[in-house]
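Here is the naming used below: chain letters follow the sequence lines, and residue numbers restart at 1 for every chain.
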Number of protein chains: 2
Amino acid sequence: MDQLSQIKIVLVEPTHPGNIGSVARAMKTMGLSRLVLVNPKKFPHYEASKLAAGAESVLEQAEVMQTLSDAIDECTLVVGTSVRDREVTWPTRDPRAAAQAIIQHTAVPTQQAAILFGRESSGLTNAELDQCQFQIRIPANPEYSSLNLASAVQLINYELRMQAIAQTDGLEPLSEQPVTNVAARQRPATKAEREGHLEHLQNTLVALDFVKVNPPTVLMRKLTRLYNKADLTVEEIQILRGILASVDQHLTRS
Amino acid sequence: MDQLSQIKIVLVEPTHPGNIGSVARAMKTMGLSRLVLVNPKKFPHYEASKLAAGAESVLEQAEVMQTLSDAIDECTLVVGTSVRDREVTWPTRDPRAAAQAIIQHTAVPTQQAAILFGRESSGLTNAELDQCQFQIRIPANPEYSSLNLASAVQLINYELRMQAIAQTDGLEPLSEQPVTNVAARQRPATKAEREGHLEHLQNTLVALDFVKVNPPTVLMRKLTRLYNKADLTVEEIQILRGILASVDQHLTRS
C-alpha cells in the first residue's frame with residue numbers, strides 16, 4: 001500500500017474551494033495523501049477545510065504550483081482524466097486498466113505517477129492531455145456524464161486502492177512483473193526528458209523544411225501522442241536524439 | 001444495460017436533503033434511475049434539487065416510503081452497505097464481487113434487487129442488516145473510512161455499470177479498449193506496414209552514417225521494440241515515413 005504515496009493527484013485550476021476539500025476527503029478514504037493544486041482560484045479557503053471533514057492533513061500537505069509543468073516534471077508516468085469524447089483520440093483506458101498500469105509502474109519505488117483532473121467547467125485542455133501517456137476515461141452514462149470532481153477522484157482512487165490491495169494480497173498477480181532492479185538507462189523517462197526530445201524533434205523538422213507552418217502544432221500533437229504511447233526509456237530517448245543530432249549535422253554541413 | 005433499471009438504491013432515513021440530490025446525480029452518471037427514500041427527514045427540498053444538477057428526473061421518480069419493508073418487499077435480492085466493522089458479522093463482499101452477484105441476479109428480468117444505504121451518522125442498524133442477504137463493504141482506509149453517502153453510492157453504482165458493460169460486451173472490463181471512432185488512417189498498422197517503416201528507417205540511418213555496423217542489428221532491435229510499444233496507426237507510420245523521406249531528400253541533394 002506504500003505505493004499509493006508515489007501517486008500525486010493533480011487538480012488543474014480548480015475553481016471551487018469546496019471541491020478541493022471534497023477531493024481531499026475522497027483521497028484520504030482510499031489512502032492517498034499527495035495532493036497538488038495547479039493555480040487554484042481560492043486556496044487555502046475555509047470551504048475547502050470544511051468539506052475536507054477530517055482530511056485536513058491532506059490539505060495541509062498539499063503543494064500549490066503555478067504551472068502544470070512544475071507539478072509533473074519529476075513524474076515518470078502522467079495520465080489525464082476525461083469523461084468526454086474528443087476529436088483527437090488519445091490512448092484511453094478505463095479506471096480499472098489504468099489503476100493496474102499505475103500500480104505496476106509505481107512498484108519501482110523511485111517512480112512517481114501523476115493523475116491530472118481538469119477544471120470543473122471544461123476539464124483538461126488538449127495541450128494538457130498532450131502531456132499524458134494515456135487518458136483515463138470513466139465509462140459514464142453517455143446521456144449524463146456529469147460526475148463532479150470529487151466523485152471522479154473517488155472512483156479512480158478506489159480502483160488504485162483495490163489494485164494495491166490485490167497486489168499486497170497476491171490475489172491477482174499482475175500480468176507483467178515489474179522489474180525492480182532497473183538499470184538507469186532502462187528507467188522510464190521523466191516528463192522533462194520526454195519534452196526535451198520533442199523540442200529537439202520539432203527543431204530538426206523545422207530545419208528540414210518538413211513543416212509548412214511553424215510551430216507545427218497539429219503535427220507535434222500527433223508526434224507527442226505517438227511517443228507518449230511508447231513509454232520511452234532514458235536509453236530510447238538517447239537513441240532518438242542521437243539520430244536527430246546526426247540529421248542536424250548533415251543539415252549544417254550542407 | 002437494461003438490468004440497471006431492476007436495481008433500487010434505497011436511502012434509509014437520510015438527514016440532509018443535499019445528500020439526496022448528490023446521490024441522484026451519482027446514480028444518473030452511472031445509468032441508474034430508481035431511487036427509494038425511506039422516511040427522509042426533508043424531501044422534497046430545494047437543496048436536493050440544487051445538488052441533483054441535471055439529475056432531477058431521478059428525484060421526480062423517487063419513491064418515498066414510510067418503512068424499509070415497504071421499500072424492499074418486492075425485491076428478490078437485498079443487500080446492505082457498510083464501511084465499518086461490526087461485531088456481528090454478516091456475509092460480506094467487496095463492491096466488485098457484490099456488483100457481480102447483483103448483475104447476475106438481475107439477469108432474470110422479473111427479479112429486482114435493492115441496495116440499502118444507511119443514515120449519514122450511524123449507517124444501518126443491525127435489524128436492518130438482518131434483512132440483507134449480504135453486506136457490501138467498501139475497502140476504505142481503516143484510519144479514515146468516512147466516505148460520504150453520495151461517494152459510497154457512486155462507487156457501488158460504478159461497479160454495477162462496469163459489470164453491466166462487461167456482460168453486454170461479453171468482455172472483461174479490464175480490457176484496454178481504446179475508445180475511438182476509427183477512421184481508416186487511425187486503424188492499427190499491420191505487421192507489414194510496421195516492417196516497411198523499420199526498413200525505411202534502417203536505410204536512412206545507414207545513409208546518414210549513423211550506424212557503425214551494417215546491418216545495425218542491436219540498434220534496430222531497440223528501435224523495433226520502441227515503435228512496437230507505440231502501437232502505431234497507419235497515419236503515424238505515414239508521418240514517420242514522411243520525415244524519413246524528407247531526410248533522404250536532403251541527403252541526396254547534398
Side-chain angles (χ1 to χ4, degrees), chain A residues 22 25-26 28-31 53-55 83 85 89 91-97 100-101 137-141 143-148 150-151 154-155 158 161-162 165 201 205 208-210 219 222-223 225-233 235-236 239-240 242-243 246-247 250-251 253-254, chain B residues 22 25-26 28-31 53-55 83 94-96 138-141 143-148 150-151 154-155 158 161-162 165 173-181 186 205 208-210 219 222-223 225-233 235-236 239-240 242-243 246-247 250-251 253-254:
Chain A
S22 298
R25 180 174 176 180
K28 190 165 179 181
T29 61
M30 295 296 132
V83 287
D85 274 319
T89 52
T92 297
R93 302 183 189 197
D94 70 25
R96 190 159 306 161
Q100 196 168 11
R137 183 138 174 279
I138 295 174
N141 179 359
E143 285 157 29
Y144 182 77
S145 59
S146 148
L147 268 88
N148 74 26
S151 298
Q154 184 80 63
L155 285 191
Y158 159 77
R161 185 174 184 81
M162 287 290 277
I165 290 172
L201 177 58
L205 292 178
L208 264 174
D209 280 328
F210 180 73
L219 176 67
K222 289 180 175 175
L223 286 166
R225 214 169 58 208
L226 185 166
Y227 285 109
N228 278 350
K229 283 194 293 178
D231 283 328
L232 296 174
T233 64
E235 181 186 47
E236 286 168 340
I239 293 172
L240 291 171
I243 296 173
S246 173
V247 174
H250 275 82
L251 291 173
R253 257 185 260 148
S254 64
Chain B
S22 298
R25 180 175 176 179
K28 191 165 178 183
T29 61
M30 295 295 132
V83 287
D94 70 23
R96 189 159 306 163
I138 295 174
N141 179 358
E143 285 157 29
Y144 181 78
S145 59
S146 148
L147 268 87
N148 74 25
S151 297
Q154 184 80 62
L155 285 191
Y158 159 78
R161 185 174 185 80
M162 287 289 276
I165 290 172
L174 267 173
S175 61
E176 290 177 29
Q177 296 277 333
V179 180
T180 45
N181 35 352
Q186 301 302 338
L205 291 178
L208 265 173
D209 281 329
F210 181 74
L219 176 68
K222 288 180 176 177
L223 286 167
R225 214 171 53 209
L226 186 166
Y227 285 108
N228 279 348
K229 281 194 293 177
D231 283 329
L232 296 174
T233 64
E235 180 185 48
E236 286 169 339
I239 293 172
L240 291 171
I243 295 173
S246 173
V247 173
H250 274 83
L251 291 172
R253 257 186 261 148
S254 64

Notebook entry, point to check: Of all of B/L226, B/N148, B/N228, which one pairs up most often with chain A through heavy atoms under 4.5 Å apart?
Noted result: B/L226
Notebook entry, point to check: Looking only at heavy atoms, which two atoms of A/L208 and B/H250 are closest? And how far apart?
Noted result: O-CE1, 3.0 Å
Item checked: Heavy-atom proximity to chain A below 4.5 Å, by part of B/E235 -> side chain
Notebook entry, point to check: Looking at B/P95, B/S22, B/A26, which one has more heavy-atom pairs under 4.5 Å with chain A than the rest?
Noted result: B/P95
Note to self: For A/L232, which atoms come within 4.5 Å of any heavy atom of chain B: side chain, backbone, both, or neither?
What the structure shows: both
Check: Checking A/L155 against chain B: side chain, backbone, both or neither under 4.5 Å from a heavy atom?
Finding: both
Check: Is the shortest heavy-atom distance from the side chain of B/L147 to the side chain of A/M30 under 4.5 Å?
Finding: yes
Item checked: Interface moiety of B/I243 toward chain A, non-hydrogen atoms closer than 4.5 Å -> both
Next item on the list: Hey, could you give me the CD/OG1 distance between A/Q154 and A/T29, rounded to the nearest 0.5 Å?
Entry: 4.0 Å
Notebook entry, point to check: Does the side chain of A/S146 reach to within under 4.5 Å of the side chain of B/K28, using non-hydrogen atoms?
Noted result: no
Notebook entry, point to check: Is any side-chain heavy atom of A/P139 closer than 4.5 Å to a side-chain heavy atom of B/I165?
Noted result: yes
Next item on the list: Grab the two heavy atoms, one from B/I239 and one from A/F210, that are nearest each other, plus how far apart they are.
Entry: O-CZ, 4.2 Å
Check: With a 4.5 angstrom heavy-atom cut-off, which part of B/A150 approaches chain A: side chain, backbone, both or neither?
Finding: neither
Note to self: With a 4.5 angstrom heavy-atom cut-off, is it the side chain or the backbone of B/R161 that approaches chain A, or both, or neither?
What the structure shows: side chain
